[in-house]
Structure formats: C-alpha cells, structure tokens
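In the text below, chain A, chain B and the rest are named by the order of the sequence lines, each starting its count at 1. All figures in this text were calculated on a predicted structure; none of them were measured in a lab.
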Amino acid sequence: MDALRHTFEQRLAAALPGVDITLERPKSGELGDLAFPCFRAGKQLGKNPVQLSQELAASIAIEGAQLVAAGPYLNLKLTAETRAKAVLGAILEAAPERPYGFRPANGKKVIVEYSSPNIAKLFTIGHLRSTMIGHALAQTHQALGYDVIRLNHLGDWGTQFGTLLAAYTRWAQDGNADLERDFDWAEPAPDKRRTPLFRLFQLYVRFHAEEENDPAMRDEARGWFKRLEAGDAEARRLWSWFREISLKEFQRIYDRLGVSFDTLAQGEAFYEDRLVPTMQRLEDAGLLVEGDKGARIINLEDVGISTPCLVQKGDGTSIYATRDLAAALYRKEAYGFDRCLYVVGTDQVLHFQQIFAVLDKLDPWFKGRMLHTPFGMVKLPEGKMSTRKGNVIFLEDVLDEARERVAAIIDEKNPELADKAEVAEMLGMGAVVFFDAMNDRVKPITFTWDRVIALDGDTGPYVQYAHARIMSVLRKAGGDWAAKAQPGACVGPVVPFEPAALPADLVGLEAPEAQALLFELAGLPGAMTAVVEGCMATPLARQLVAVARSFSGYYTNCPILAPENTPTVRDARLALCVATARALRQGLFLMGIQAPEEM
RNA sequence: GGUCCCGUAGCUCAGCGGAUAGAGCGACCGCCUCCUAAGCGGUAGGUCGUGGGUUCAAUUCCCGCCGGGACCA
C-alpha cells in the first residue's frame, strides 16, 4: 500500500510540478483507496478543480489501479486483486517483531506518565481513564518506533499523609495497629475488600468527615505532614508502611489490567530530596516572589497566565507543583526525552500550564517537549465522585460486575464453553476498557452501570466477537489455518505472528463486502498514527470497530467454507480471515484488551 | 470576577476546512434446515446552540451572545 501511495504521489508530482501533493483517505472504499483533492492545485494552476481532476484521470496511469475523477477529487481505486494483495501481503508477510502498522525505531524518546494513584486510596473507575489511556499511548508510541519510558507518578507524598498519619494515630494505633481487622465504627467491609488498604481508606474518609466539625483536626494533620517532611522517625516508619500496603494492592490491579511500568519507585516521594535544589534553581533564576502569608510564588503574567504558580506554602511545606518541577528537571537529566506526556485529568490543566511555563523560563530546552493529555472526569448521576466523602465507584467493583454480566450471557448462549471464567474476565475488561477509549474526549463521563458495561453495539465485546468467530471458522477449516492466527508470546506492544505466505491466487475477494473489509484493514496504520498525533486511543478503537463491522458483513455475505467454493476461493477467503484476526488481536492488545479464541 | 473546556439525531457519542453530516443505544419492520443471532439487513429520527466574520468552500477556523462544566481567586 505504501508503495502504491508513493507511485501515486510521484505521478502527481510529475504532472503538477511545484504543487504540493497531499493525499487523503476517501470516506469509503467504494470511492477508492487514496484521494487527491484538486482544490488547492486547481487554484495554484488557475484551473477548475473538476476539470483538473478529469485531466489527471485521463493522463495518469498506474498499474493495478484505476484513476477516477469524482467531481473535484481524483481517486485512486485499486483493482480488487491489487487491493487484496497489498493489504493481505502487508499483514500476513510482516515480520514477527514488526507487525502490520508498526514502524522501525525512530530514535525518539517519549516519557508517558500515567495512572499515578494516591497511596492509601482504592482505585476508582476514574483511575481507569489515566491508566488505560496511558497504557494505550505507551504501547502505540512504542509500536511506531519510539523509545518509551512508562512512569507512574505515585501520590506517595503530600498533605494527605498528614491526614492519614493523624487518623491512624488517633483511631487505629492502639486497637488495630496492624490494620488486620475491620473497625468497629465502620460498616464491615465486603469480603473481597477486607484488606489493610481498605481500612486505611476508611481512616482517611472518617478523618475528613469529622474534620468538618472540628477545625483543630486540620492543624493536627498539617502538623503530622510537617513532621514527615522534617524526617521524624515515627512518621517515616508509618509512611513507608502505608506505602507498602498500597503498592501491594496496586500491583494486583495492574496485573489484572495487564499494565506495567518501567518503575514504581519514582513517585512524588522520590523527588523529596530534590526539592531544595529545585527551589534554589528557581531562586537563582530570579523567579521566586513572596506571595500571601509568606508563600513563595512565580509570576506568569508575562506569558499570559494570570494565576501565579505556587511552589511553597506559607508554612514552608512543599506543594505538588514543586515536585512536578523537580520531576521534570530530573527526567531531563536521567532520560533526555523528546516528548513527555502527562495523562492527567482536565482538572489539572491550569496546573500543567503553569508547570510548563515555569520550565520554559528555567530552561528553554523544555519548550515544546511537555504535553498534558487531559481527560474528562468520571462523575456520578448525582454529582462529582469524592474519595473523601466515600461516594465513589471502585474500579474492581466495575470489573467484577462486568465479568458477572458476561458470565450470565455465556451461560445462556454458550454453556459448553471451556475456560468460562477466563473468557468472562476478558470480555468484561474488554467492555469497560473499550468504552473508555471510545469516549476519550475532554468531556466528563457520567457513570452508569449499563453504559460502562454495555455489551452490544460498538463495544469491546463486539470486536472480540468478530475475532472469536474468525477463530471458529479457521478451526473448522482444518489444516494449519487456526495456527496461522495463533501468536507467540507478546513482547512489549508486539503480538508476534509467523509470516504466512499469500495464496497464489486471490480470486474470491471481489465481493464488495470483502473489498470493504480490506479497505478498513488498510485504515489501521493511519489510526495508529492518529493515536500518537492526537494522544488518544479513540481513533484506534473506532477503526477496530470498523474492521469488525465490515468483517461481519463479509462473514454473512461471503461464505468461507461453503462446499461449492473452489479450493482457490476458499483459501483466499481464509487468508482474509487470518489477516483480520491478526489485525484485530494486535489492535486490541495495544489497548490492553485480550482477544478470545471462542466466546 | 478571571482563565480554560464543551454544546451535532429522543439518549450516548464520532467527524473538526472540502465529496450525499456518521455510529451505537432506544423505537419500528424483517432474517437462524446455512461457518457462533453477543450477529445481519431495513425504516423513522438532524436549520451540526445562536448571530456575525474569514474563505472558491465552514458542523469544522475567528469574534460576540446564550446554555452546561472545570480550574483559579
């Protein structure tokens, strides 16, 4: 396909010297495979675009393709066979280490900072957004040849530890020091949540509830955080223990989600001893100004940000802006990146504008390298979720509920299925994770169970279903067909398949449904590029749906194993199945979703 | 009060300078003697919030206004 594109571009350039040639992808495969809109060229040459397109169609010839003038567009339409050969070849003959749509190393380094949960809090449905968007971005960048560093800026420092330390010493230390039992003042935790982390969370929630009526408690919490920052041994010991408890739980969730990081050791606390040098650098650069109550701030009015960046509070304690600055400076030294993505919610847009502006002032090197990828908050129909108030939807509850709903459907539709539990987990996850990617907009999401765990229509399970059906056909085809859609062990973003030879003859794929499927498969590399350019998984998710949808059309209209098919037709159609299965499996994997063999 | 984001079909959302504005859900009508009906086909449903401007071309870019949200104070 790339070769054909190149030829088309060259022919156009030869016919239109001095005109910039930008090709588009037509809206549908019926129009063609590549389109050249003649508006701009027409203007440059003083010609009517409709006429220009007709002239070009008549004067340019490309083997295996037809040039069609459609109004002001010049469309390159491949013959059924060329299209099949180009697309199937690109997928089936790809080297195992560089699947379809992947690119060779480009020497660029990208840091993706994502997930970043706070210690002592449980994952809510909100955390899924950062975690899975970040995961998909990391995977796709890697697929396109970037060197990716996956960082988790754990919230393991900050004033919330003051709260936690105060709450723990107040209510837990004597009676329940090891957090092994439920508290007698709290609702007993459901079985699956009877963990030390959940009890820490309960302490946190209780402290905030009682603090409302007792402002003195706020000072108590602040006092503990000061002790922690000052290196107080007891505060440190508890902090480190809380952290350990939390990390153990987090790891379990990450394992379930199939997400991993280069390190979990570079959370906020990691930068603690870099705060003083960072403040010094700001001071040396003459950026620090005295704010209200002895706070230290940096004015950003000259760069169009009216709110100054607060880097140290009046009481001398640090704030997360300082830690983000220290982190960025450290990352420059340690990694020397080309791009640093922060997958953090829209509520932090001002914060990152400020951080990036301060970095620009401090060191021009940062200019253009820092990028905030904001995503909308998850809200409940009754309003904002609040961990403090305890009205939250926990991520694990959503995943469990999704799994149960899927299991019920399996019992109804395919009770004989082996590995029921495993498949239910795959599909449940597929539903929840895919939903999130389909809605990757800056707009907030209102959580309702039926929306987030939808299983019909444009959903993860729909794409997974297409894959399962293909595998079923391939199994029935016998021979080594099923094996051709069976990958080796995944490495990074790569789902490795052994190269498979194209059938010698590709007749049997002339039907519009087969051609439409080929067209959508051809759109996947572009979708991957769009993920990296737009920093969102949405284009990939939508292209996968388009592939799955056109596969359904192909499946219903082009019988693959029908006895009346000649072996040639059968083989060509099976080859398209294998290619589709490979593409779907790889695409889903980039998003962190597994493709089942059967469902 | 200031800054930023969002207003597209009954609902949830794509599209974000160009070819007849697309999906899913919901509604209605069809399709399992045939490779998994978690599916497929069809019908109904839109002055792309609103008023200007830029352009050969605006749902898409710019400005005002009206609604909704976020952040800062």
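Between A:Tyr320 and A:His351, a ring centre-to-centre spacing shorter than 6.0 Å is recorded. The aromatic ring centres of A:Tyr465 and A:Phe551 sit 6.0 Å or more apart.
Cation-pi check for A:Arg25 over A:Phe519 is met; the charged atom lies under 6.0 angstrom from the ring centroid and within 45 degrees of its normal.
Checking B:C13, B:A38, B:C71 against every side-chain atom of A:Arg451, the shortest atom distance belongs to B:C13. Considering only the side chain of A:Lys379, B:G69 comes nearest among B:U12, B:G69, B:A38. The side chain of A:Phe39 has B:G18 as its nearest neighbour among B:C40, B:U55, B:G18. Here the nucleotide nearest the side chain of A:Asp458, chosen from B:A23, B:A19, B:G39, is B:A23. Nearest nucleotide to the side chain of A:Arg549, out of B:U36, B:G24, B:A38: B:G24. The side chain of A:Asp347 sits closest to B:C71 out of B:A38, B:G69, B:C71.
Atom P of nucleotide B:U3 and atom CZ of A:Phe352 are separated by 23 Å, given to the nearest angstrom. With rounding to whole Å, A:Arg40 atom CZ is found 11 Å from B:G17 atom P. In this structure, CD1 of A:Ile305 is placed 11 Å from C1' of B:C4, rounded to the nearest angstrom. Atom CZ in A:Phe551 sits roughly 11 Å away from atom P in B:A37 (whole-Å rounding).
Residue A:Arg542 places no side-chain N or O under 4.0 Å from the OP1 or OP2 atom of B:C13. Checking the phosphate oxygens (OP1, OP2) of B:C6, no side-chain nitrogen or oxygen of A:Lys443 falls inside 4.0 Å. Residue A:Ser552 has a polar side-chain atom (N or O) positioned under 4.0 Å from OP1 or OP2 of B:C40.
Residues A:Thr538 and A:Glu24 both approach RNA chain B. Their nearest nucleotides, taken by heavy-atom distance, put A:Thr538 toward the 5′ side. Taking the nucleotide of RNA chain B with the nearest heavy atom to each of A:Leu31 and A:Asn414, the more 5' of the two is matched to A:Leu31.
Electrostatic pairing of A:Asp33 and A:Arg5 does not count as a salt bridge here, judged by no charged N lying under 4.0 Å from a carboxylate O.
In this structure, A:Gln464 reaches neither bases nor backbone, as no heavy-atom distance under 4.0 Å exists between it and the strands shown. At a threshold of 4.0 angstrom between heavy atoms, the contacts of A:Val442 are confined to the sugar-phosphate backbone, with no base atom among them. Looking at heavy-atom distances under 4.0 Å, A:Ala477 makes no contact with the nucleic acid at all.
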Just the atom pairs and distances: protein N or O near nucleotides 30-35 of chain B's N or O, under 3.5 Å.
| from | atom 1 | to | atom 2 | distance (Å) |
| --- | --- | --- | --- | --- |
| B:C35 | O3' | A:Lys476 | NZ | 2.9 |
| B:C35 | O2 | A:Leu561 | N | 3.1 |
| B:C35 | N3 | A:Ile560 | N | 3.0 |
| B:C35 | N4 | A:Tyr555 | O | 2.2 |
| B:C35 | N4 | A:Cys558 | O | 3.4 |

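A donor-acceptor pair under 3.5 Å is formed between the side chain of A:Gln464 and the backbone N or O of A:Met426.
For CD of A:Glu416, the number of neighbouring non-hydrogen atoms (other residues, nucleotides, ligands) closer than 6.0 Å is 12 at most.
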